[in-house]
Novice: 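Structure below; questions to follow.
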2 protein chains.
Amino acid sequence: MGSTDRKQIKSTRTAFTIIERVSSTDGATVSELAETLGRSKSTVHAHLQTLTEMGYLFRIDDEYHVGLPFLTLGGAARSTDRYQNLYRAAKAEIDDIVDQTGERAQVVVEYQGEGIYFYQSRGHRYVQTDSQLGTSVSLHSTAVGKTILSVLPDDRVEEILSNSELRPRTEHTVVDRDELRERIETIRERGYAYDREERIEGICCVAAPIECGPETIASLSVTVPTKRASGEYFEEELPTLVTNVARVIELNTQYS
Amino acid sequence: MGSTDRKQIKSTRTAFTIIERVSSTDGATVSELAETLGRSKSTVHAHLQTLTEMGYLFRIDDEYHVGLPFLTLGGAARSTDRYQNLYRAAKAEIDDIVDQTGERAQVVVEYQGEGIYFYQSRGHRYVQTDSQLGTSVSLHSTAVGKTILSVLPDDRVEEILSNSELRPRTEHTVVDRDELRERIETIRERGYAYDREERIEGICCVAAPIECGPETIASLSVTVPTKRASGEYFEEELPTLVTNVARVIELNTQYS
DNA sequence: GCAGCAGTTCGACACTGTCGAACGAGGCCG
DNA sequence: CGGCCTCGTTCGACAGTGTCGAACTGCTGC
């Protein structure tokens with residue numbers, strides 16, 4: 001099945017598999033990793049030693065953790081040709097929104113079928129969630145996600161949908177593919193999306209797409225607790241704000 | 001000299017060497033990398049192919065860039081046991097400082113002899129610099145850096161100083177080791193540090209150390225343009241603010 | 001003190017990361 | 001239009017190394 005296997009460095013694959021595992025299991029140990037990854041302890045040990053020596057992991061007693069150098073690389077990724085304009089424009093506008101509304105706002109970027117938290121800021125009325133910088137989210141379970149899907153060509157949507165399992169996050173999560181397609185159609189027409197507790201109980205979102213070219217699709221969203229998610233504020237004010245600012249970001253991304 | 005060579009994965013070393021090079025030379029090509037790293041084109045090609053396939057790099061035409069997954073790992077690093085308390089405490093306090101002063105404020109963490117921008121925020125009077133999330137800075141050329149050195153034990157200071165070349169950044173950068181030691185002594189006594197255009201022309205800083213345990217040393221700093229770097233504001237107000245808030249962060253880091 | 005379990009080291013084999021050479025696709029210039 | 005350079009890609013072959021399981025060490029707790 002693998003079409004693009006060609007000549008690849010297998011040990012790099014296992015190195016990153018280990019890194020990812022260490023990242024998700026903060027404080028993982030040698031035996032633990034060897035067990036869950038199905039590799040010998042000596043192999044895992046050699047990798048951990050190398051990565052620790054280079055500073056990409058660090059070790060407390062016998063537990064390993066991902067190190068701050070990844071923050072350096074992440075910052076570099078955001079300053080990349082493709083993303084730096086989006087970063088500047090989004091940062092400025094999001095900070096504005098936060099000042100205005102006091103809520104939390106963020107930009108999520110589509111990257112290889114997933115959404116990655118690209119920049120976020122919180123206001124004085126902010127609600128705490130698990131999502132922070134770099135967190136990756138599946139595209140079906142959030143307002144941002146569905147917004148992104150709504151501006152992608154149909155074949156890519158299908159491709160992404162078929163690769164994801166539509167795991168429900170709350171009782172409101174849409175898990176039916178047809179219903180999802182329908183909703184995406186609605187979003188295409190009106191230009192923005194709602195998330196009413198589909199990912200986290202008590203948390204709602206309004207999101208609008210940001211198109212910075214065929215390869216750089218993002219989404220701007222404002223997050224509010226359910227208690228403020230009603231009335232004119234949630235039905236009129238926020239959608240208008242979000243769609244307008246999204247367009248501003250698009251424009252500022254083009255010419256700078 | 002190499003004491004800790006043992007069994008290590010060489011190909012992972014070259015993989016990360018390539019990643020780092022791609023990160024610093026945004027849009028690097030195969031031949032370019034092969035040239036500067038002294039490796040064959042085919043080797044570099046195999047690595048790039050692997051890393052691209054895994055999503056850690058992405059490719060536009062024949063140019064490679066670091067990808068957003070590093071942001072995910074970087075975010076995970078910041079949420080690590082060692083750093084998450086510091087992150088929460090620092091974020092809250094820094095945002096406060098920014099609201100109060102309108103300047104730019106940041107926390108830099110010591111990581112293996114370097115300083116890494118851990119969190120930063122800017123106010124309405126902010127000044128733009130090259131430094132942003134994840135940027136690593138040498139410890140001798142900044143207020144934050146010298147502050148960090150001031151709370152490290154002497155032997156570690158000497159170790160770090162001997163491993164760095166004290167490259168001057170502006171005409172005000174301190175390059176003499178003895179003078180640096182002297183200044184560090186001064187900082188130890190009064191508890192905060194100044195940077196008067198030592199790293200960037202026109203940019204000054206006030207910084208105070210944050211000690212969250214022997215292994216987690218950081219520094220809080222406020223950045224102002226030279227035109228505001230004088231008088232009571234710069235000589236009294238900011239030092240007091242910075243040292244007080246640093247202590248608050250220390251406390252909040254301990255108990256949470 | 002002896003199990004039991006952790007991380008670490010060792011030795012040996014098969015595998016694979018490495019290289020240089022050859023191939024194919026553009027772009028540039030004569 | 002055609003030859004030439006350059007770049008990315010593929011190929012084959014060898015040396016090197018990533019891999020494993022077994023043995024070793026140090027710790028903890030019965």
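Since the model is a prediction, treat every value here as computed from it, not as a measurement.
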Novice: Starting from C1' on D:dC7, measure out to CD on B:Glu32 and report it in whole angstrom.
Specialist: 12 Å
Novice: Do B:Lys41 and C:dT18 share a donor-acceptor pair, side chain to base, under 3.5 Å?
Specialist: no
Novice: Calculate the interatomic distance between B:Gln8 atom CD and C:dG17 atom C1'; express it in whole Å.
Specialist: 17 Å
Novice: Of A:Ser31 and B:Ser40, whose closest DNA chain C nucleotide lies nearer the 5' terminus?
Specialist: A:Ser31
Novice: Nearest whole Å is fine: how far is C:dT8 C1' from A:Glu53 CD?
Specialist: 16 Å
Novice: Toward the 5' end of DNA chain C, which comes first, A:Arg59 or B:Val44, by nearest nucleotide?
Specialist: A:Arg59
Novice: Nearest 0.5 Å please: distance from the NZ atom of B:Lys146 over to the CG atom of B:Leu180.
Specialist: 7.0 Å
Novice: Given D:dT19, is OP1 or OP2 found less than 4.0 Å from the side-chain N or O atoms of A:His47?
Specialist: yes
Novice: Just compare C:dT18, D:dG8, C:dG11 and give me whichever is closest to any side-chain atom of B:Asp62.
Specialist: D:dG8
Novice: Find the distance B:Leu48:CG to D:dC7:P and express it as a whole number of Å.
Specialist: 15 Å
Novice: CD of B:Gln49 versus P of C:dT18: gap in Å, rounded?
Specialist: 14 Å
Novice: Any donor-acceptor pair, under 3.5 Å, between the side chain of A:Lys10 and the base of C:dG17, if you only look at N and O atoms?
Specialist: no
Novice: Dump the intermediate steps for side-chain contact (heavy atoms from CB on, under 4.5 Å) on B:Gln8 and B:Arg13, then the final yes or no.
Specialist: CA-CA 9 Å; B:Gln8 295 201 179; B:Arg13 284 204 113 82; 2.4 Å; yes
Novice: Please check if atom CD in B:Glu201 has more than 12 non-hydrogen atoms from other residues, nucleotides or ligands closer than 6.0 Å.
Specialist: yes
Novice: To the nearest angstrom, how far is B:Lys7 atom NZ from C:dC13 atom P?
Specialist: 13 Å
Novice: Measure CD1/A:Ile9 against P/C:dC15 and give the value in whole Å, please.
Specialist: 17 Å
Novice: Is any side-chain nitrogen or oxygen of B:Thr12 closer than 4.0 Å to OP1 or OP2 of D:dG18?
Specialist: no
Novice: Looking only at side-chain atoms of A:Thr29, point me to the closest of D:dG8, C:dG7, C:dG11.
Specialist: C:dG7
Novice: B:Thr43 side chain: which of C:dC19, C:dA12, C:dG17 is closest?
Specialist: C:dC19
Novice: Rounded to the Å, how far apart are B:Ile60 CD1 and D:dG8 P?
Specialist: 15 Å
Novice: Could you check whether any side-chain N or O of A:Thr25 sits under 3.5 Å from a backbone N or O of A:Val22, counting only pairs where one atom can act as donor and the other as acceptor?
Specialist: no
Novice: Please confirm whether the backbone N or O of A:Asp81 pairs with a side-chain atom of B:Asp26, one donor and one acceptor, at under 3.5 Å?
Specialist: yes
Novice: Between the base of D:dG21 and the side chain of A:Ser42, is there any donor-acceptor pair under 3.5 Å?
Specialist: yes
Novice: OP1 or OP2 of D:dG8 sitting under 4.0 Å from any side-chain N/O of B:His45?
Specialist: no
